[in-house]
Amino acid sequence: MAIGLIIIGDEILSGKRVDKHFSKAIELLSARGMQLGWAEYLGDDPARITATLRRTLASDDIVFSFGGIGATPDDHTRQCAAAALGVPVVLHPEAKALIEQRIVEMAAASGQDPRLEAPENLHRLKMGEFPQGASIIPNPYNKIPGFSLRNAGAGGHHFVPGFPVMAHPMMEWVLDTLYPHLFHQVAWQEKSVYVYDSMESTLTPLMEAVETAYPLVKVFSLPSVGDAQTRRHIELGVKGDPAQVGKAYEQLLAGLDRFQAEYKPV
């Protein structure tokens, strides 16, 4: 079981909006001892969204999908999720009640009659039409819920709006409500150094030797060309099972010493 993200919207791919979900999702997962396994960005293309969801819904993964669950012509996620499962889109009774509650509150705030049967308010109810069998995700910002679906396998899909102010608390709710048993289940440690003025090709044999000696550890190398604050360097490190990370790190430093490399801990 991996944790994945699907981030949907032409505005992201065109650069009109900067994606804020990827980094925040990593932050929320890391705080709970969880890691992101994959992420995909999609435009507002119903065929591509449906094909992607058909594939991911057949997996065991836990997936968070951001965007496209509104009721405007460029919002397709609800319908695509239903098509991927082969089920109809239906008005969820809890979602209907929450949306109507929001309509009443907005009308009261402006001193107007809520007129629940008005065409614009009936259209708002479309935001509560989810694939049959879905459960709702509460939205603390404006009460308009998201929805969750069970996978064919062991995981689940959780659909939230594209607005970060809504989406991120909703993702937190899903994690804390549905998956607390998965928190801090995988022991993980990371240690690294900045290595100055060295070439990756020079360090590669050392990296390979460390991974061979410690199979529960991954070695990583992140080069930087440097800037006004720091010289050219490589962040070189090890990550993985804490039982092996310490010894792997020692072997890495010993190898750097043999190269007479200049380095400092991160």
Side-chain angles (χ1 to χ4, degrees), residues 1-9 12 19-42 49 52-71 75-82 84-85 87 89-99 101-102 127-186 188:
M1 178 184 289
I3 300 175
L5 304 182
I6 299 174
I7 300 168
I8 298 171
I12 300 293
D19 169 48
K20 297 181 180 179
H21 301 307
F22 183 83
S23 58
K24 185 64 177 182
I26 292 174
E27 176 188 323
L28 296 177
L29 292 170
S30 296
R32 293 159 175 80
M34 306 170 83
Q35 290 188 346
L36 185 65
W38 56 266
E40 296 189 33
Y41 289 84
L42 303 175
I49 296 170
T52 299
L53 291 175
R54 186 175 292 120
R55 168 172 50 82
T56 59
L57 281 161
S59 74
D60 289 328
D61 292 350
I62 297 169
V63 179
F64 291 90
S65 175
F66 298 88
I69 66 170
D75 290 318
H76 307 292
T77 305
R78 293 176 293 110
Q79 296 86 350
C80 291
L85 288 175
V87 300
V89 172
V90 296
L91 180 59
H92 193 289
E94 290 181 66
K96 179 177 184 289
L98 288 166
I99 294 169
Q101 182 182 351
R102 174 63 175 171
M127 291 186 291
E129 293 180 352
F130 304 142
Q132 190 173 59
S135 57
I136 66 168
I137 301 172
N139 181 342
Y141 185 82
N142 67 1
K143 292 187 170 66
I144 310 301
F147 65 98
S148 293
L149 296 170
R150 291 285 302 273
N151 288 18
H157 277 52
H158 309 286
F159 298 83
V160 296
F163 296 102
V165 69
M166 304 177 195
H168 300 163
M170 293 168 78
M171 179 177 177
E172 286 193 88
W173 181 91
V174 169
L175 290 170
D176 294 341
T177 303
L178 301 182
Y179 301 111
H181 59 288
L182 299 179
F183 294 177
H184 304 287
Q185 291 297 299
V186 178
W188 186 264

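Values below: every heavy atom of this structure, side chains too, minus hydrogens, waters and symmetry copies.
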Report yes if some heavy atom in the side chain of [X] is under 4.5 Å from a heavy atom in the side chain of [Y]; otherwise report no.
{"X": "Arg102", "Y": "Met127", "result": "no"}
{"X": "His168", "Y": "His21", "result": "yes"}
{"X": "Leu178", "Y": "Ile62", "result": "no"}
{"X": "Trp188", "Y": "Gln35", "result": "yes"}
{"X": "Val63", "Y": "Leu57", "result": "no"}
{"X": "Val160", "Y": "Met171", "result": "no"}
{"X": "Pro161", "Y": "Tyr141", "result": "no"}
{"X": "Ile136", "Y": "Phe130", "result": "yes"}

Basic-acidic side-chain contact under 4.0 Å: Glu172, Lys24: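 Salt bridge absent between Glu172 and Lys24.
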Geometric class of the Tyr179/His158 ring pair [parallel <30°, tilted 30-60°, perpendicular >60°]: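 Plane angle over 60°, so perpendicular.
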CA sep, side-chain torsions, deciding dist, call: Thr177, Ile137, side-chain contact (heavy atoms from CB on, under 4.5 Å): CA-CA 10 Å; Thr177 303; Ile137 301 172; over 6 Å; no
Full working for side-chain contact (heavy atoms from CB on, under 4.5 Å) between Asp176 and Arg32: CA-CA 9 Å; Asp176 294 341; Arg32 293 159 175 80; 2.8 Å; yes
Ile6 vs Trp38, side-chain contact (heavy atoms from CB on, under 4.5 Å): CA-CA, chis, key distance, verdict: CA-CA 9 Å; Ile6 299 174; Trp38 56 266; 4.0 Å; yes
CA sep, side-chain torsions, deciding dist, call: Asp75, Ile69, side-chain contact (heavy atoms from CB on, under 4.5 Å): CA-CA 6 Å; Asp75 290 318; Ile69 66 170; over 6 Å; no
